[in-house]
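Here's the structure we're looking at; comments come further down.
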Amino acid sequence: IRKPYRGFHPAPGYLRCQPLSGVGAPRWNDYDVPEEFNFASDVLDYWTQMEKEGKRGPNPALWLVNNQGDELKWSFGELTDLSRRAANVLTQTCGLQQGDRLALILPRVPEWWLVVIGCIRAGIIFMPGTIQLKAKDILYRLQVSKAKGIVTTDTLAPEVDSLASECPTLKIKLLVSDHSHQGWLDLRSLIKSASPDHTCVKSKTVDPMAIFFTSGTTGLPKMVKHCHGFALRSSLPSCRKMLQLKTSDIFWCFSDTGWILALFGCMMEPWTVGATLFIHHLPQFDPKVVEQMLLKYPITHSLAVPLVYRMILRHASTSLRFPTLEHCITGGEALLPEDQEEWRRRTGLLLYEIYGQTETGVSCGTPQGMKIKPGSMGKSMPPFDIQIIDDQGNTLPFNTEGNIGIRMKPTRPIGLFMGYEDNPVKTSEVECGDFYNSGDRATMDEEGYIWFLGRKDDIITASGYRIGPAEVENALAEHPAVAESAVVSSPDPIRREVVKAFIVLTPEFLSHDRDQLTKELQQHVKSLTAPYKYPRKVEFVSELPKTITGKIKRSDLRKKEFGQM
Ligand code: BCO
């Protein structure tokens with residue numbers, strides 16, 4: 001039995017802590033919580049100052065390559081200048097105030113970074129969403145969050161216009177485009193003409209900073225609220241130990257701008273140490289292009305879901321040698337030991353796993369240099385204390401299956417979400433004794449390594465996406481061919497897990513061509529909700545397994561798919 005937990009004791013100077021000094025040094029202690037923290041003024045402006053004093057090398061802060069191969073390079077000084085202008089646009093031109101909410105649906109364009117930092121400077125709560133969102137997804141997000149504004153591109157502008165009348169709080173529409181649109185403000189030209197003088201808000205570390213939407217087993221996505229302390233975590237020594245980035249490193253994070261992984265990997269992690277963030281705006285993922293980029297650019301670190309590394313291995317026929325790549329990190333879904341082995345054999349590099357959820361950010365992993373146990377996702381990362389717990393919140397003995405729990409009493413660790421906004425019921429459902437219950441199943445060995453097993457509920461993790469079956473079932477239900485459906489995870493040789501829909505057809509469609517119908521239903525889901533959720537497999541059945549009260553037994557279908565029944 002594990003030793004009893006002794007609790008975190010705030011370091012002396014709690015709430016009065018001072019940043020540690022030295023260029024690129026971790027500037028706070030793991031268990032210190034400064035009363036005020038703002039990533040823009042405390043981190044970015046610090047590096048701007050280091051640049052001015054000649055204490056940082058010539059590498060850019062942001063190095064962005066678009067799909068035509070055009071390159072943009074910004075120093076920290078330029079980032080500071082432009083994001084201050086962006087903050088002025090949001091507050092002065094748009095009239096947004098601290099605490100207001102702004103939906104942000106942009107691909108990997110530079111304005112995404114300017115809006116995020118501008119919001120942080122002004123205390124505006126930003127709500128990133130993937131560019132794959134469809135009108136219904138956007139409508140729900142705008143309505144439930146009471147967003148005052150939205151920033152997007154011309155691809156989604158017509159969708160937003162079609163639903164704006166149903167969003168009474170929505171006053172501001174900002175467009176990132178080469179063309180103008182009636183009723184939309186042109187963000188690029190506004191930033192150009194805005195003043196670069198802006199006084200950053202003195203945000204409390206526990207003030208809200210961002211809201212992310214995350215899928216659950218039932219119902220519509222929940223709003224996961226994070227405070228400014230989420231960004232502070234990247235400054236803590238435990239987090240710095242994880243990736244051990246240096247100012248001279250060039251870090252490529254693949255995450256779509258809609259996910260919390262983007263905040264971590266496409267901003268906080270590299271910029272906290274003054275490293276270069278490398279971004280490639282590729283509208284459609286192509287492993288061949290990724291391989292070429294890794295050969296062409298001096299990238300030292302990569303962060304991507306296991307599927308990206310697996311697809312590179314599938315596409316490349318020979319051994320892979322990337323001249324500058326030193327450290328590869330992966331997360332978002334479980335890494336299989338065979339993928340780890342193949343990547344090592346063909347590239348000479350190891351894959352270091354990190355694990356986290358939208359609610360937690362990165363909460364465990366294998367720091368560079370720590371022994372990798374293939375199949376394990378590493379150890380808990382302070383100030384998080386991960387324990388394997390039962391459904392009552394009791395810690396379980398080593399090597400016993402249970403839920404991944406993060407201790408939040410007596411002290412809620414900085415970086416853990418603040419709760420599901422406007423949803424005390426769902427928030428209390430994940431509070432389990434002294435722990436946040438992640439709903440992910442795992443074991444922990446005697447050395448503290450955590451071994452992921454799967455989900456406790458019906459949520460599907462496919463290609464690094466968290467997919468709520470009900471969202472797919474609801475989309476299917478809107479097609480006249482579907483009498484009822486059940487959506488579960490199913491094995492796949494490349495993607496490991498994909499979304500599968502079991503469908504009972506309405507009588508009128510029973511005689512239709514099944515292949516044709518499959519394609520039509522897949523297209524239907526792609527058009528109604530974010531396409532990454534579409535069922536890559538479809539099976540037509542005469543009935544669905546149900547409990548005596550009529551509830552669909554998704555678990556029976558899932559077990560059958562994985563040969564467990
Ligand atoms: O495979 P198909 O071609 O049939 O369908 C694909 C796309 O073509 C299609 N699609 C995309 N945009 C569309 C569209 N269809 C219609 N209209 C549009 N606007 O939809 C399907 C999307 O599937 P996908 O995204 O899985 O596509 P793909 O191209 O295979 O990409 C592979 C990956 C690996 C690049 C992608 O799956 C990916 O980015 N996955 C990572 C997700 C991620 O970052 N997760 C991290 C979440 S945060 C977290 O875990 C917390 C950690 C601390």
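Atoms within a ligand are numbered from 1 in the order they appear, just like the ligands themselves.
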At less than 3.5 Å, what protein N or O atoms come close to the N or O atoms of ligand 1? Include the distances to 0.1 Å.
| unit_1 | atom_1 | unit_2 | atom_2 | d |
| --- | --- | --- | --- | --- |
| ligand 1 | 1 (O) | R536 | NH1 | 2.8 |
| ligand 1 | 1 (O) | R536 | NH2 | 3.1 |
| ligand 1 | 4 (O) | K526 | NZ | 3.1 |
| ligand 1 | 4 (O) | Y534 | OH | 2.6 |
| ligand 1 | 5 (O) | K526 | NZ | 3.4 |
| ligand 1 | 23 (O) | R536 | NH2 | 3.2 |
| ligand 1 | 25 (O) | Q132 | NE2 | 3.2 |
| ligand 1 | 25 (O) | Y465 | OH | 2.6 |
| ligand 1 | 26 (O) | R495 | NH1 | 3.4 |
| ligand 1 | 29 (O) | Q284 | NE2 | 3.3 |
| ligand 1 | 30 (O) | R495 | NH1 | 3.3 |
| ligand 1 | 30 (O) | R495 | NH2 | 2.5 |
| ligand 1 | 40 (N) | S463 | O | 2.8 |
| ligand 1 | 45 (N) | G464 | O | 2.8 |

Item checked: Any side-chain donor near an acceptor of the partner, S490 and K537, under 3.5 Å -> yes
Item checked: Where at least one partner belongs to residues 448-471, residue pairs that pass side-chain hydrogen bond (donor to acceptor under 3.5 Å, both in side chains), sequence neighbours excluded -> T214-R466, S215-E471, T217-D457, E359-R466, D440-R455, D445-W451, R455-D457, D458-R554, D458-R558, S463-R495, E471-K533
Notebook entry, point to check: Side-chain donor-acceptor pair under 3.5 Å between E497 and S489, yes or no?
Noted result: yes
Checklist line | No-hydrogen, no-angle side-chain donor-acceptor test under 3.5 Å, D385 and Q387 | finding: yes
Check: With a 3.5 Å cut-off and no angle check, do the side chains of Y352 and Q340 form a donor-acceptor pair?
Finding: no
Next item on the list: Could you walk me through whether V115 and L102 pass the side-chain contact (heavy atoms from CB on, under 4.5 Å) test, one step at a time?
Entry: CA-CA 10 Å; V115 173; L102 179 73; 3.8 Å; yes
